[in-house]
Amino acid sequence: MIELSSLGSEADELAAQRQKKLRAIAALGFETYPRKFNFTHTIPAVLAEYSGRCDEDLKAARISLRVAGRLMALRPHGKAGFGHLSGDGARLQIYVRLDAVGERDFELFRLLDLGDLIGVEGYLFRTRTGELTVHAERLHFLAKALLPLPEKWHGLTDMEVRYRQRYVDLMVNPRVREIFERRARLVGAIREFLNSRRYLEVETPMMQPLPGGALARPFVTHHNALNLDLYLRVAPELYLKRLLVGGVDRVYEINRNFRNEGISTQHNPEFTMLEFYEAYADYRDMMALTERLLRHVAEATIGRLEFEWWGHKISLARFERLTMKEAVVRFWPEGAQAKPKLEDWADPKAVFRWIDTYNRWAEQPQSSLERIQEVASGTDRDTSAPRQPIALPADTPPGAALQALFEAVAEHHLIQPTFILDFPLEVSPLAKQKADDPNYVERFELYVGGMEIANAFSELNDPAEQRDRFEYQQLLRDRGDLAAHTIDEDYIRALSYGMPPAAGEGVGIDRLTMLLTDSHSIRDVILFPLLRPEKRSG
RNA sequence: GGGCCGGUAGCUCAAUGGUGGAGCACUGCCCUUUUAAGGCAGGGGUUCUGGGUUCGAGUCCCAGCCGGCUCACCA
């Protein structure tokens, strides 16, 4: 029983009317909350099987069936009436007439509200307008909607209500169901791809005594019996690599990570990540594998390699590769002085000069000409530089500065699939150095639609080097960087048994879903995104 | 956390500082192939909350709550 007084006064009235009807339905002898309904077809199955059949066909065959669903439209005509039943994401018309269903069932029909769940028993025919319809012979009451549905034409548009009451969103906005069906196909395609390559799917701890595997602030929780603080994992990485040590040479996990950071259209505190690791491979092998993986996923979910995203035509047919430095040079803002050349980067400290140059440009007010050009070239997704000066803490190492410059200058331009490779050592504590340049590591991130979709590297497997990296991270922690790693002694112990040379990669499933469903907010691809708790009135 | 925008009936939206409306939904009556069914007649409001200005506030001001976008943080 719902609390009537908790609703608005009209909502109270509407719910009271429906309660009253429910009692009237009970008085007719119908169970108010029956236990089950034996159906012969789902609604999509009816449509799939009989959409091609003409009325004569249907009449001759007299196809009897039982279907169930939610009543989404009602058009009564005195002693008869039409309705639409919604189930499994599809709709089917029903036709109910007094002389076919009898007094009692027709009385039930009169007491139905939009949103009620019913079962219909009857035979198929086509109406005068040609619509495939169930001619009801019996009605079964299954459950009452005590609360009214949103408006039938405009539906539910209030984003807050859509996220908080996703069940209502799903009822009235077919697009929502399509997105999550596509998401499920996407995840299935990933499993198919990796399983066929003999990767083993595993599940590793989400509650970890030490959070590791990514530079992010964790959530803290507590186990009572052990009187132990635990962290929700920020990444499964260190556990998956322990499995590499144990001889699981191809391994993956698709599951949730938790990061105690800000919320935005691209960040939800819990999000789904695919991580996979392959022994005896390096990051270049991962790039090749990533291309194949994404093409497989796109074929399986949308049936092609091209898709629209925020007004951009994106194609997975070709993946560009740029080093981080090359990307900065390539996308250096037009108006800024002294475009850098690649040879200018020989000195690692040079990046600070380029940041100064960039900041001088970013601090200038945008000229009208630039603004007009931007608007004229406008796609829906703004690819222009944000013109925010880069603010770095006093003792930022050159590598972190380069990454900041890259993100400011280049990231939003990377609409077509682009691998950015060769990351600075300082921002990559778990990756293996490049053989010819120890200031950089064998790592790439894949950008599509201006978003980071994947992050991969040749895995560092030298325990001594790993200890040095952790110690550097500890230094950062001590200086107040709460996202820096803590030293994980057991992980170093595992590496000390010998981990095969390997490469690993993380892929953001939510963001990949955003791309393949043309969704512009991560909340649109997460069924129940985190919101502040609703304040209960009263 | 900062900036901008928003919150009016169950839903979608109107309303120069001057009696808060419409469509859908809902109630009653009519209607046995309709489909945004139709016809007639009705009911429904803490205008997010709390202050303030004013003869008078949905509207103006201040504070707060919730949300959206964006920036910062991050993936």
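The sequence lines fix the lettering, A, B, ..., with proteins before strands; numbering per chain opens at 1. Remember, predicted model here, so these are calculated numbers, not experimental data.
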**Request:** For Leu111(A), check side-chain contact (heavy atoms from CB on, under 4.5 Å) against everything at least two apart and list the hits.
**Result:**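 Leu111(A) satisfies side-chain contact (heavy atoms from CB on, under 4.5 Å) with Lys21(A), Ala24(A), Ile25(A), Leu28(A) only.
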
**Asked** According to a strict under-4.0 Å criterion, is Arg75(A) in side-chain N/O contact with OP1 or OP2 of U33(B)?
**Response**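 No, no such contact exists.
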
**Asked** Taking only residues at least two apart or on different chains, which pairs with a member in residues 257-268 of chain A satisfy salt bridge (charged side-chain N to carboxylate O under 4.0 Å, His left out)?
**Response** none

**Request:** Hey, could you give me each pair passing salt bridge (charged side-chain N to carboxylate O under 4.0 Å, His left out) that has a residue in residues 504-529 of chain A? Not counting sequence neighbours.
**Result:**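 Counting only pairs at least two positions apart or across chains, the salt bridge (charged side-chain N to carboxylate O under 4.0 Å, His left out) contacts touching residues 504-529 of chain A are Arg183(A)-Asp510(A).
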
Both distances below 3.5 Å, Watson-Crick or wobble geometry, any strand: find the nucleotide opposite [N].
{"N": "G1(B)", "result": "C71(B)"}
{"N": "C11(B)", "result": "G23(B)"}
{"N": "C55(B)", "result": "G18(B)"}

**Results of ring pair (Phe, Tyr, Trp, His ring centres under 6.0 Å) for Tyr95(A) - residues two or more places apart only** = Phe82(A), Phe125(A), His135(A)

**Request:** Could you tell me whether Glu445(A) contacts a base, only the sugar-phosphate backbone, or nothing, with contacts defined as non-hydrogen atoms closer than 4.0 Å?
**Result:**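 Since no nucleic acid heavy atom lies under 4.0 Å of Glu445(A), the category is nothing.
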
**Request:** Have a look at Asp158(A) and say if it touches a base, only the backbone sugar-phosphate, or nothing, with a 4.0 Å heavy-atom cut-off.
**Result:**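 Here Asp158(A) touches the backbone only, sparing every base.
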
**Message:** Within 45 degrees of the ring normal and closer than 6.0 Å to the centroid, is that where the cationic atom of Arg166(A) sits relative to Phe528(A)?
**Reply:**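 No, Arg166(A) does not lie over the aromatic ring of Phe528(A).
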
**Asked** In whole angstrom, what separates Ile263(A)'s CD1 from C71(B)'s P?
**Response** 16 Å

Using nucleotides 21-26 of chain B, report all nitrogen or oxygen pairs with the protein that are shorter than 3.5 Å.
| unit_1 | atom_1 | unit_2 | atom_2 | d |
| --- | --- | --- | --- | --- |
| G23(B) | N2 | Glu151(A) | OE2 | 3.4 |
| A25(B) | OP1 | Lys152(A) | NZ | 3.0 |
| C26(B) | O3' | Gln17(A) | OE1 | 3.4 |
| C26(B) | O2' | Gln17(A) | OE1 | 2.2 |
| C26(B) | O2' | Gln17(A) | NE2 | 3.0 |

**Pairing residues for Arg321(A) by the side chain to side chain donor-acceptor pair (under 3.5 Å) criterion, not counting sequence neighbours** = Glu291(A)

